[in-house]
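Reckoned from all heavy atoms, side chains included, excluding hydrogens, waters and symmetry mates. In what follows, residues are counted from 1 in the order of the sequence shown.
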Amino acid sequence: PRSVRNPPPAAAAADAAGQGQGAGRDCATFLLRTAPMTASACFLRLLSALTILAPALPAAADPGAEAAGRAFYTPPFDAERESDRFTGAARETLERHEAEAAGGDIGCLDFSFVIDGQDFVDTEVTETLTLASTPTGDDAVEVTARFSNFGQAQAIVWTVTETPAGWKIADVASPAGGWHLAELCR
């Protein structure tokens, strides 16, 4: 294996002090010049540094999670009552609503949680919609939908969880309205 040679002790001391030929060089160059190292040892040192730093780096959200949230903002805006798109307490809320509505009642959800209201202008919502995804765990992503409805800025936060059946909605929340779908209809 090829190794990198040490510079003379005086040059290494000058570089370490920020003087001499190596002044202004990056850390990796300094480390490589001051310690003999094979290419494979250098690679292993770099790999271990990346392994240590990787958990601190933000993970990219899975595009499937964002698509699960976006589906609710596609005209004709009727996906919100499809309980198979949901999981956990959010699904239980929808099933409770469906049971009440099947008996001829209006159901326990008397508004659209997709827009946090009863009325909306679908073209305004779709034209102003932006989605931002933030991983919150190994299998969860928060998708924040921001849009305008009747000229008012709105934000709805979708908690999306990866399940064996694909991405499912675990909760929906309105920061302005102060509600969580998983807590409604109790």
Asker: Could I get the full list of side chain to side chain donor-acceptor pair (under 3.5 Å) partners for T161, not counting sequence neighbours?
Answerer: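 T161 satisfies side chain to side chain donor-acceptor pair (under 3.5 Å) with no residue once adjacent residues are dropped.
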Asker: Is the closest side-chain heavy-atom distance between R186 and E92 below 4.5 Å?
Answerer: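 A side-chain contact under 4.5 Å exists here.
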Asker: Contact between F147 and T130 at the side-chain level, heavy atoms closer than 4.5 Å - yes or no?
Answerer: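 In short, these two side chains do not touch, never coming nearer than 4.5 Å.
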Asker: Test of understanding: with side chain to side chain donor-acceptor pair (under 3.5 Å), list the residues that count as partners of E82, not counting sequence neighbours.
Answerer: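 So E82 forms a side chain to side chain donor-acceptor pair (under 3.5 Å) with R85.
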Asker: Decide yes or no for L184 and C108: does some side-chain heavy atom of the first lie under 4.5 Å from some side-chain heavy atom of the second?
Answerer: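 Contact flag for L184/C108 side chains = no.
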Asker: Quick check: do Q118 and S112 have side-chain heavy atoms less than 4.5 Å from each other?
Answerer: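 A side-chain contact is absent here, since even the closest heavy-atom pair is not under 4.5 Å.
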Asker: Go through it in stages, so that I can follow the logic: the residues are R91 and E95, the test is salt bridge (Lys or Arg N to Asp or Glu O under 4.0 Å), and I'd like the CA-CA distance, side-chain angles, deciding distance and then a yes or no.
Answerer: CA-CA 6 Å; R91 183 179 182 129; E95 288 171 348; 2.9 Å; yes
Asker: Side chains of E66 and S133: donor-acceptor distance under 3.5 Å anywhere?
Answerer: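 The criterion, which ignores hydrogens and geometry beyond distance, is satisfied for S133 and E66.
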Asker: Where do V172 and I156 land on the side chain to side chain contact (heavy atoms under 4.5 Å, CB included) test, with the steps shown first?
Answerer: CA-CA 7 Å; V172 183; I156 302 293; 3.4 Å; yes
Asker: Mind checking what makes side chain to side chain donor-acceptor pair (under 3.5 Å) contact with S83, not counting sequence neighbours?
Answerer: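 Listed in chain order: nothing, the list is empty.
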Asker: Is there side-chain contact between V143 and R70, with heavy atoms separated by less than 4.5 Å?
Answerer: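 Not in contact.
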Asker: Begin with the C-alpha distance, continue with both residues' side-chain angles, and end with the deciding distance and a verdict on side-chain hydrogen bond (donor to acceptor under 3.5 Å, both in side chains) for E124 and S148.
Answerer: CA-CA 6 Å; E124 181 182 8; S148 179; 2.8 Å; yes
Asker: So if I apply the ring-ring contact (aromatic ring centres under 6.0 Å, His included) rule between F72 and each of F86, F77, F120, which one comes out positive?
Answerer: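 So the option named by the test is F86.
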Asker: Could you give me the CA-CA distance, side-chain angles and deciding distance for T144 and W158, then say whether side chain to side chain contact (heavy atoms under 4.5 Å, CB included) is met?
Answerer: CA-CA 6 Å; T144 302; W158 300 79; over 6 Å; no
Asker: Are L94 and L109 close enough that some pair of their side-chain heavy atoms sits under 4.5 Å apart?
Answerer: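 Yes, at least one pair of side-chain atoms sits under 4.5 Å.
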Asker: Measuring from atom CD1 of I115 to atom CD of Q152, what distance do you get when rounded to the nearest 0.5 angstrom?
Answerer: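 The distance works out to 12.5 Å.
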Asker: Test H97 against R81 for side chain to side chain contact (heavy atoms under 4.5 Å, CB included), laying out the working first.
Answerer: CA-CA 9 Å; H97 167 77; R81 301 291 195 238; 3.5 Å; yes
Asker: Using every non-hydrogen atom in the two residues, find where S174 and G177 come nearest and quote the distance to one decimal.
Answerer: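 Taking every non-hydrogen atom into account, OG-N, 2.8 Å.
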Asker: Please find the pair of heavy atoms, one from V114 and one from E80, that lie closest to each other, and give the distance.
Answerer: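 Here V114 and E80 meet closest at CG2-CB, 3.4 Å.
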Asker: For residues A182 and A170, report the shortest heavy-atom separation together with the two atoms involved.
Answerer: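 Distance-wise, the nearest heavy atoms are CB-O, 4.4 Å.
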